[in-house]
Amino acid sequence: MSEILATAYEPAQVEAHWRKHWEEAQIFTPDPKAPGEPYAIVIPPPNVTGVLHIGHALNLTLIDVLIRHARQLGKNVLWVPGTDHAGIATQNVVERALAREHKTRHDLGREAFIERVWQWREEYGHRILEQIAALGCSVDWTRLRFTMDEGLSKAVRRVFVQLYNEGLIYKGDYIINWCARCHTALADDEVEHENTHGHLWSIRYRLSDGSDAIVVATTRPETIPGDTAICVHPEDDRYKHLIGKTALVPILNRPIPIIADNYVDREFGTGALKVTPCHDHNDWMLGKRHNLEFIQVIDADGIMKEESGPYVGLTKEECRKKIVADIEAQGDLVGVSDLEHAVGHCYRCHTVVEPHVSTQWFVATTKLAKEARDAVPSLTKILPTNWLKTYYHWLDNIRDWCISRQIWWGHRIPAWTCEKCGKLIVQEDAPTKCSCGSTDLVQDPDVLDTWFSSSLWPFSTLGWPDNTEELKRWYPTNVLITGFDIIFFWVARMMMLGQHFMHEVPFKTVYLHALVRDATGHKMSKSTGNVIDPQVMITKYGCDALRFTLTAFAAMGRDIRLSEERIEGYRHFVNKLWNAARFTLMQLGDTTPIACALEALTDLEHVWILHKLEEAKTNVAQALAEYRFNDAAQSCYKFLWAEFCDWYLELVKPMLQQGTEQSKSQAQYVLWSVLREILILLHPMMPFVTAEIWQALPCVSDSFTGELAKAPYPAKRPLCIKPEAAAQMEFIQGVIVAVRTIKAELNISPGRKVHLLIVPQDQSQQDLLARHTTLLQTLARLEDLKFIQSGEQPKASAASVVQGCQLVVPLKGTVDLAQELARLDKQLAKLAKNLINVQKHLADPNFLAKAQAHVVEREQQQAQELLDNQAKLTALRERFAQALEEA
RNA sequence: GGGCAGUUAGCUCAGUUGGUAGAGCAUCGCCUUCACACGGCGGGGGUCGUAGGUUCAAGUCCUGUACUGCCCACCA
């Protein structure tokens, strides 16, 4: 006999065993030359600094489900794992570590600091990889990549140089978002806008000729020293007469022009706007348009510069207080009001972002966007489709992408300046000499935005720029699965660069999954303390329970509200499977089941479960093909628990225990076959428990004998699809349930055997029930079962009607008869309610005339059935009432 | 300001092409039935946010509206 499994599934050891086995046997390392349609997914590379959170767990689980399923379908499957160097995030982590030693990165110097980051990565960078493995992800570890590894760095340089030569990368002065804490530029989408309580100061600016004054409103008085104009709406009657005149900047008394531009909103504030081109994105635009002066008064550290006159050396916060006080003292502060407005924050460290003018590198995404836009949805589908508008809107309004970062950890920009002649040299490898002959070349100190390398991920991980076997075989990849929060950061940019360099979209489908929230719908975050740690869940409930929960909740386009109880609930399901397997193994004993033709079996219980199995197989495959993960999980759940365990296992017990050798053998084989196929269906969602059970099952000759991770998806058995048999089974189930209900509602102990008298509707019902007497007796716990004629029913008996078949249980005064009367009345009331509904339809001439024929027919049938049931039940009730009176 | 979701049983959510509302958990009753108490059996519980419209028929399609959440956006 196969080893007996323990009563409760214990995941820890099982998971460790299979993880080790999968990795050592390199099960998931494909050969590019192997047959089978190529199927590839790239992992959204987690940060090296990262710790696996529930969002990763969802993402990785869904990918793994598709990947494992694709293998079952015989495809040549590649899942490349890897991590992202995460420039700012990683640098921050290492800087924090340094701070504990009371050092800054400047104390170490650039080279030593970078060395330190690599060290850190050696030490901690594998944690996230181990966590990926702990989730059971079937990635190909032999092809592990890192955005800073040699190959990917080469790809980054190649892309940079080519884009530069094509004029798609350029260097220029521009107002960018500056994080004074990270000390670097940020891209537009790295800035998070948050509503913040602030103030709106109204300040009087006097005209230079002393004739008049104009009041402007501002939220940032500290930028006043940088003002180079006042702007009003050209048609604003209040200010029309001032346009073209000169005003004086308060305190500094520098003259500035009063200009007009349609941009100004007359309704807001005073309708007059002070323009500070160096410290506001809109003012920058106005400055360019009106040829204003550009005066920078706040430096990169947030300190007031010399240009700010008396405020030099103050922080911008100090300056704000002081200048407001000064203006008030001078009598030009007209008013202050509260204002809630959006303020940009750094998405990494949450410092308030300062618009800052500086020299930066840009990718001309305004030119690359069109192709990426046009590819959707013809070449790349985005699911769920409601993200389409968002994707289009972003690409239609895209600005050039600022890619330089003033940090040290990342891909250094491959650009050198000749100190002698000033020539800029952009090339992949460090130049030794300028064309002017000088060797005094200095590399640009900046590094590239982390997302720059991430944007190349789908082809760089496959070996580009070399024309590798992997690249030829697996580009474009099939599907990208990621959270919608990085649709701009990552998805859109991969599209742009993939198309530009590979001349083909990087993936055919993008599936954007939901955010995992806590049970109350809030974003999970460490600071709120509402995180569900996947590793803790794995330890407590097992990886399969976690994975199945996430899969079952992944309905398209909806956020997932997760709570620990859900995971605990699905652990029960894992255990249910485990015990169904134990039962099967016990029934098989030492014997290897003997194969027989499943299509030819005639016993209803087998025919029925095989029919249901076919349904489940079709449902699961179809659901996964359409990314309906939740439906796939539900189909499995329902089939295994509600059909296989609740009914089939109970149905075959009599056969297994006291059946003939032949029927026992058939039951064993069906049991074995169905369980095996369930294991295959569930394997992508619950890889560990299924693999463990699979290897405990005996092998039957000419069935697939390899391990489960390699098992093909079960072939269809069209001849097993038998809806008529399923309907017969449903009738029998109905009878069993009716008897159980009678017992339960009359407080008859379920174990107590009763006599059942049956008045069948017709001969075929009688034959069907007669053929399954044992089964009925066992599952409904009957003493015996007899067919009687209508009118022979004993008066003192409980009754029920199923599909016109009357079921009568004589009570012989054992129970409270009044209870049965109440029960019958309740049932009759229910019937009457249904009947009214149906009859209402049938009474409506419009319905009869316009509804589809099959709908009308069905209604009529139903009405008849209900009427029939009602009549029978009413008659039974009458007899019963009589009995009650006589008693 | 623009866009997108959601609003269905006490809770969390399903509900493919319009045809008499489903699951899990929770709850109540019964059961130490030899796979499983991480179990079995049975029950109760919803006029599908709201107001209209289309239709013989609407949770399902259309319009308005309320509330909640998210994303985008240069009102200083």
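These numbers come from the heavy atoms of this one structure, side chains and all, not from hydrogens, waters or symmetry mates. A note on names: the letters A, B, ... follow the listed sequences, proteins ahead of strands, and every chain is numbered from 1.
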Atom pair distance, as rounded to whole Å: NZ in A:Lys638 and P in B:C13: 22 Å
A:Phe573-A:Tyr9 aromatic ring centre distance below 6.0 Å: no
Atom C1', compared across B:C28 and B:U33: separation rounded to whole Å: 22 Å
Distance under 6.0 Å and angle within 45° of ring axis: A:Arg399 vs A:Trp284: no
Touch class at under 4.0 angstrom, heavy-atom based, for A:Tyr570 against every strand present: nothing
Sugar-phosphate, base or nothing in reach of A:His393, heavy atoms under 4.0 Å: sugar-phosphate
Pairwise P distance for B:C25 and B:U65, with rounding to whole Å: 41 Å
For atom CD of A:Gln587 and atom P of B:A35, their distance in whole Å: 7 Å
Rounded distance in Å between the C1' positions of B:G69 and B:A76: 29 Å
Spacing of the C1' atoms in B:C11 and B:A51 (rounded, Å): 29 Å
Side-chain touch A:Arg220/A:Ile298, heavy atoms, less than 4.5 angstrom: yes
Distance, P atom - from B:G45 to B:A23, rounded to whole angstrom: 14 Å
Close aromatic pair by centroid cut-off 6.0 Å: A:Trp641 and A:Tyr637: yes
Geometric cation-pi criterion A:Arg373 and A:Tyr391, 6.0 Å radius, 45° cone: no
Interatomic distance at C1', B:A9 relative to B:G59, whole Å: 14 Å
Sugar-phosphate, base or nothing in reach of A:Asn837, heavy atoms under 4.0 Å: base
B:G15 to B:G52 separation - P atoms, rounded to the nearest Å: 28 Å
N or O in side chain of A:Trp641 less than 4.0 angstrom from B:G40 OP1/OP2: yes
Spacing between A:Leu512 atom CG and B:C4 atom P, to the nearest angstrom: 16 Å
Complement of B:G6, any strand, by Watson-Crick or G-U distances under 3.5 angstrom: B:C67
Sugar-phosphate, base or nothing in reach of A:Asp646, heavy atoms under 4.0 Å: sugar-phosphate
Assigned partner base of B:U32, Watson-Crick or wobble definition, under 3.5 Å: none
For atom CD of A:Glu859 and atom P of B:G19, their distance in whole Å: 12 Å
Closest to the A:Lys826 side chain, choosing from B:G44, B:A76, B:C74: B:G44
Below 4.0 Å: OP1/OP2 of B:C30 and any side-chain N or O of A:Arg740: no
Among B:C38, B:G42, B:A35, the nucleotide that comes nearest once only the side chain of A:His572 is considered: B:C38
Spacing of A:Asp261 atom CG relative to B:C74 atom P, expressed in whole Å: 16 Å
Sugar-phosphate only, base, or nothing, as touched by A:Lys288 at under 4.0 Å among non-hydrogen atoms: nothing
G-U wobble or Watson-Crick pairing nucleotide for B:G24 (cut-off 3.5 Å, both distances): B:C11
Any-strand Watson-Crick or G-U partner of B:C38, both distances under 3.5 Å: none
Base partner of B:U55, which must satisfy Watson-Crick or wobble distances under 3.5 Å: none
Pairwise 5' ranking along RNA chain B for A:Ala580 and A:Gln852, keeping only the more 5' one: A:Gln852
Sugar-phosphate only, base, or nothing, as touched by A:Leu649 at under 4.0 Å among non-hydrogen atoms: base
Sugar-phosphate only, base, or nothing, as touched by A:Cys645 at under 4.0 Å among non-hydrogen atoms: base
Base B:A35 to side chain A:Glu650, donor-acceptor N/O within 3.5 Å cut-off: yes
Of A:Val689, A:Leu697, A:Leu640, the residue whose pairing with A:Leu679 passes side chain to side chain contact (heavy atoms under 4.5 Å, CB included): A:Leu697
Residues A:Thr223 and A:Lys316: side-chain donor-acceptor under 3.5 angstrom: no
Presence of donor-acceptor pair under 3.5 Å, side chain of A:Lys576 and base of B:C36: yes
N/O (side chain, A:Lys653) to phosphate O (OP1/OP2, B:A35) under 4.0 Å: yes
Residue mapping more 5' on RNA chain B - nearest nucleotide basis, A:Arg266 or A:Thr741: A:Thr741
Sugar-phosphate only, base, or nothing, as touched by A:Gly271 at under 4.0 Å among non-hydrogen atoms: base
Below 4.0 Å: OP1/OP2 of B:C4 and any side-chain N or O of A:Lys389: yes
Rounded distance in Å - OH (A:Tyr391) to C1' (B:A5): 21 Å
Distance test, side-chain N/O of A:Lys850 to OP1/OP2 of B:G19, below 4.0 Å: no
Distance between P atoms of B:G6 and B:U47 (Å, rounded): 22 Å
Separation of B:G43 P from A:Asn747 CG (nearest whole Å): 14 Å
Donor-acceptor pair present, A:Gln862 side chain and B:U20 base, under 3.5 Å: yes
Any strand: nucleotide that pairs with B:U16 via Watson-Crick or wobble, under 3.5 Å: none
Distance, rounded to the nearest Å, where A:Tyr627 contributes OH and B:U16 contributes C1': 17 Å
A:Asp227 bridged to A:Lys274 by N-O distance under 4.0 Å: yes
Lys/Arg N to Asp/Glu carboxylate O, A:Glu783 vs A:Lys753, below 4.0 Å: no
Sugar-phosphate, base or nothing in reach of A:Arg628, heavy atoms under 4.0 Å: nothing
